[in-house]
There are 2 protein chains.
Amino acid sequence: MNTSWIDKFKGLSRLPDDIRTALVAGSQIVTVPAGTQVFAPGQTADNLLLLLDGTVRVQQKSDTGREVFLYRVHAGESCVLTTACMLAFEDYSADGIAETDVTAVAIPRKTFDDLAAKSPIFREFIFTAYSRRITDLFTLIDDIVFQRMDVRLASRLLELANADNVVRATHAFLGTELGTAREVISRTLSEFQRRGWIEQSRGEVRLTGREGLERMVKSAGAEV
Amino acid sequence: MNTSWIDKFKGLSRLPDDIRTALVAGSQIVTVPAGTQVFAPGQTADNLLLLLDGTVRVQQKSDTGREVFLYRVHAGESCVLTTACMLAFEDYSADGIAETDVTAVAIPRKTFDDLAAKSPIFREFIFTAYSRRITDLFTLIDDIVFQRMDVRLASRLLELANADNVVRATHAFLGTELGTAREVISRTLSEFQRRGWIEQSRGEVRLTGREGLERMVKSAGAEV
DNA sequence: TGCTTTTGGTGACATGGTCACCAAACTGTC
DNA sequence: GACAGTTTGGTGACCATGTCACCAAAAGCA
């Protein structure tokens, strides 16, 4: 039995051998293609997912059809919201989408509960994951309420850029990512371009002057 | 040993007798006066609080000194953020203040961990509490991003009004409550007054036409 | 090629946040 | 009561952002 994936998760690496064995035996590795809805309100989720590879985007759907990005689950993190999903709250309306092809460890409810009973380290791992999400949401709220749009966009561009300093995203995508309107993104990007920080082409932003963006973010005392 | 407070918490009422005894024996009832800081970043919290009476206001402090209200913990709910506080995340900056005199059950870390190991029902109670907070934050974010200020204020006034339809709060307080500026509250309240929905006096808003406020809230498909 | 869809640009306008002030209402002190 | 200081609320000007109504260019497709 291969337990090697366990060490991808910081909080789990200290698990004793018997728990590691139980965890691996009681779970399975799954892959889901990009675009799959990993969880959704009303849909019973009977697995806790630990991401080995890829990213999951968690977003809030409003009544009016618009969407706000909440957070992104990366490899090495767990998608605790699926456990909240298990509990099925009435008015809750967030869903999770695989942004890329995703490989994950699926821990069924029974295994999850057994381990939570037996292992203090596993418990701490779960509580830490919950707390991390909560504090992430705190900083997101702080950001939305207090931070200027141009700073938030600059910060997000730096985050999303690949090794070639290119962000592959439409203005509309960046809009939902920051919970704003496409027009606002268009205007702000034009301004960035005027300052020589970026070049634009359809569906793509090329960062030609990271320093400018970084300066803007830093001088605003930026959160992520 | 008096275990009667346990039944104030919906998720705990199903606890078996031995766990009830352990919970009561391993915790104590505390009271804190209004205005006390219940938890804060950097401050080690070694107790999980279950509120028996009073309310705790959880708010985010921004770098610039402004504050946003995040949520309110009521009697019968647990203040799970103290557990997050135990974990002490770097960039986390929310604090909790007793808004009224508060009576609470303080569960020290050791008892908490013992019970989490022994009782599936206790575990579920804790996970439910976490999930509840997370979904609360989701609806808050949705509200901030999509809802108009006048609707949010109307909704909040209805919530905060006492039995006499009076809200005792300054404009500045309502401002932090909704994450906006005092001036915006002043303007919006003037408009409500013009429409005959409220009367104002210093530090006090009297709801003289709840129907109008309720209509506004309902027609916006309102969240809390 | 022409038609449709996706993406991006733009002006006009409404809402909300910020700033600078002022005025009125309370508080405490003499 | 008179006075000064503090708290609370009101207001106009201005800027940032969200909304709406269009249009145009680019890409996809029959």
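Below, each value reflects all heavy atoms present in this structure, side chains not excepted, and no hydrogens, waters or symmetry copies. Here is how names work: the chains are called A, B, and so on, in the same order as the sequence lines, proteins then strands, and each is numbered from 1.
Across the protein-nucleic acid pair, Ile198(B) atom CD1 and dG9(D) atom C1' stand 12 Å apart, rounded to whole Å. Atoms NE2 (His171(A)) and P (dT10(C)) sit 11 Å apart, rounded to a whole Å. The distance from atom CD of Glu183(B) to atom C1' of dC22(C) is 13 Å, rounded to the nearest whole Å. Computed from coordinates, the Phe146(A) CZ to dT17(D) P distance equals 15 Å when rounded to whole Å.
Between the side chains of Glu199(B) and Thr208(B), no donor-acceptor pair of N or O atoms lies under 3.5 Å.
Side-chain proximity of Val184(B) to dG16(C), dG12(D), dG18(D): nearest is dG16(C). Checking dG17(C), dT8(D), dT7(C) against every side-chain atom of Thr170(A), the shortest atom distance belongs to dT7(C). Looking at the side chain of Arg202(A), the nearest of the listed nucleotides dG12(D), dG9(D), dA27(D) is dA27(D).
Not a single donor-acceptor pair, N or O on each side, falls under 3.5 Å between the base of dT18(C) and the side chain of Arg148(A). You'll find a donor-acceptor pair under 3.5 Å spanning the side chain of Arg182(A) and the base of dG9(C), going by distance alone.
Taking for each of Arg187(A) and Val145(A) the nucleotide of DNA chain C with the nearest heavy atom, the 5'-most of the two is the partner of Arg187(A).
In summary, of the residues considered (Thr100(A), Asp95(A), Thr176(A)), a side-chain hydrogen bond (donor to acceptor under 3.5 Å, both in side chains) with Arg57(A) occurs for Thr176(A) alone.
The aromatic rings of Phe125(A) and Phe122(A) lie tilted to each other, with the angle between the two planes from 30° to 60°.
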